[in-house]
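These values consider heavy atoms only, across backbone and side chains, with no hydrogens, waters or symmetry-generated copies. Here is how names work: the chains are called A, B, and so on, in the same order as the sequence lines, proteins then strands, and each is numbered from 1.
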Protein chains: 2
Amino acid sequence: MFEAKLPNASLLKKIVDAIKDLVNDAPFDCTENSMSLQAMDASHVALVALKLDNGLFDMYRCDRTINIGSSVANLIRALKCANNDDSCMIRYNDDEGDTVLFTFVDEKRDRSQDVTVKLIDIDSEQLGIPDQKYSAVIEMPSSKFQKTCRDLAMFSDSIVINASKGGVTFKSHGDTGGSTLVYNSSSSADDDDSGKIFFNVKEDVNVTFSIKYLNHFAKAASLSNRVRLSICNDVPIAVEYNIEDNGYLRFYLAPKIDDDQNID
Amino acid sequence: MFEAKLPNASLLKKIVDAIKDLVNDAPFDCTENSMSLQAMDASHVALVALKLDNGLFDMYRCDRTINIGSSVANLIRALKCANNDDSCMIRYNDDEGDTVLFTFVDEKRDRSQDVTVKLIDIDSEQLGIPDQKYSAVIEMPSSKFQKTCRDLAMFSDSIVINASKGGVTFKSHGDTGGSTLVYNSSSSADDDDSGKIFFNVKEDVNVTFSIKYLNHFAKAASLSNRVRLSICNDVPIAVEYNIEDNGYLRFYLAPKIDDDQNID
DNA sequence: AACTCCGAAT
DNA sequence: ATTCGGAGTT
């Protein structure tokens, strides 16, 4: 028996929205402390890791470790029924082992909608993600990261991220033109930190990624105002969105090993 | 000679928009008191009934009963020419018996557009619609009805409407999942009634309809904030949109006679 | 995932 | 009135 209630269905909607272009199946692992999910994208290039601590829920009860796997398409269909500020109860009953029940209740409590989603068996490949020490960590507004990826995608399908003590640059160059975006060390103490970029560079990094995937990741911007990029030469980038300080949505993407990554 | 002037062409646009997916021909019957229209949809499953009392018009003159029939496609083409708040004069002259003339004039009176639409003979099957006593009448925001139909259409092509003293439910269930939506008797006196659902249930009703058609009906939401559903076991549902208290657009749909309609 | 429509805000 | 954003649809 698993039972948990989110104050707002919108959280789940945003999460599913953010991963739907990457993953077809959503294998949720429920433990007494959290719901989590790990999945590789269809082409096994990117990894999605979600964690929702029980602190995010109004109510959370999980007797034993349970796996709730559904197709993302069905999940979307179910969540479409919810208004953003409906509360969202999630129930899984061992008796009816092949379905999960969502109950959406609107604020005024005069509408209640039960939606049943068929479950499927997903061989969830729980990948051990090593605790990586990164050479550079960049924290910036998620909207800026989204715009950066969107803009640079116009020039090529690769983005080169370069971090050094002096600053961080994002580059993309193709036949028709190119662009280099430089973020300088944010000008110290200001009244308003939102909008600022912060970075902590231990060692210089120069690494290339597929913009397409970063663009997919950037869709999670609605989950958090800030995003953290953790990078290291020849190591997958980690793109992390904090979820109300009680969880996260992380994406990992291996670097491209090719040509223009060695340009200074 | 028929001559009538609507203050806003938008009304006619909305009406035609709401019925264009159901009917191909629009046989308007004009009498000294009102313009009306009755038509079955192409597959003879649904019935559309429109009534526009002369109170809706700035000017209304109809010497004798006249039939103005045009193809909906042509009507749409004509109405596309109008801006929403153009006034709309409709003229039919016995001399030019094969056309109807629309004249759109904008608010500032600095543009006037005549559009002629060719008429066609439609064997208008004026169906006597019996005055039905319904077991249950549900009145709700038209936007909610629209969302309900849209959401439930994702699970199957049938919707089961159930009304009892305790509440009203809309259900749809299919292979990948299903949904049950419960509206409770709206929690009494509140400051704001918009958004509320009201129902009056004399006898319990449990009846099944094709969601596809209800979805078509629901497009009329722009005509009125509220919609009234009148239902009775084994009797067509009536879906009614009031038009500025001087007319209505009603849709009728026979229930599906199949399987899951007998579930309590 | 891209396009289009509708509604809301400036 | 125009522009922007969000939502729904193909």
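- In terms of heavy-atom proximity, N215(A) sits nearest to Q146(A) at OD1-O, 4.4 Å.
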Side chains of residues 40-51 of chain A: which donor-acceptor partners sit under 3.5 Å, not counting sequence neighbours?
unit_1	atom_1	unit_2	atom_2	d
D41(A)	OD1	H44(A)	N	3.3
D41(A)	OD1	V45(A)	N	2.7
D41(A)	OD1	A46(A)	N	2.7
D41(A)	OD2	S43(A)	N	3.0
D41(A)	OD2	S43(A)	OG	2.7
D41(A)	OD2	Y213(A)	OH	3.3
S43(A)	OG	Y213(A)	OH	2.6
K51(A)	NZ	D53(A)	OD1	3.0

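- For F155(A), the ring-ring contact (aromatic ring centres under 6.0 Å, His included) criterion is met by no residue, not counting sequence neighbours.
- In this structure, F209(A) has no ring-ring contact (aromatic ring centres under 6.0 Å, His included) partners at least two apart in sequence or on a different chain.
- Contact annotation for K212(A): no contact, since no heavy-atom pair falls under 4.0 Å across all strands.
- Partners of K219(B) by side chain to side chain donor-acceptor pair (under 3.5 Å), not counting sequence neighbours, listed by chain and number: D21(B).
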With 3.5 Å as the limit, what N/O pairs link the protein to nucleotides 6-10 of chain C?
none

Per-nt protein contacts along nucleotides 2-10 of chain D (heavy atom under 4.0 Å; B base, S backbone sugar-phosphate only, - none) come out as ------SS-
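- Looking at residues two or more places apart in sequence or on another chain, you find a side chain to side chain donor-acceptor pair (under 3.5 Å) between E139(B) and R226(B).
- At the heavy-atom level, K108(B) lies under 4.0 Å from the strands shown only through sugar-phosphate atoms.
- Applying the salt bridge (Lys or Arg N to Asp or Glu O under 4.0 Å) test to K20(B) and every residue at least two apart in sequence or in another chain returns D17(B).
- In this view, F104(A) satisfies the ring-ring contact (aromatic ring centres under 6.0 Å, His included) rule with no residue, not counting sequence neighbours.
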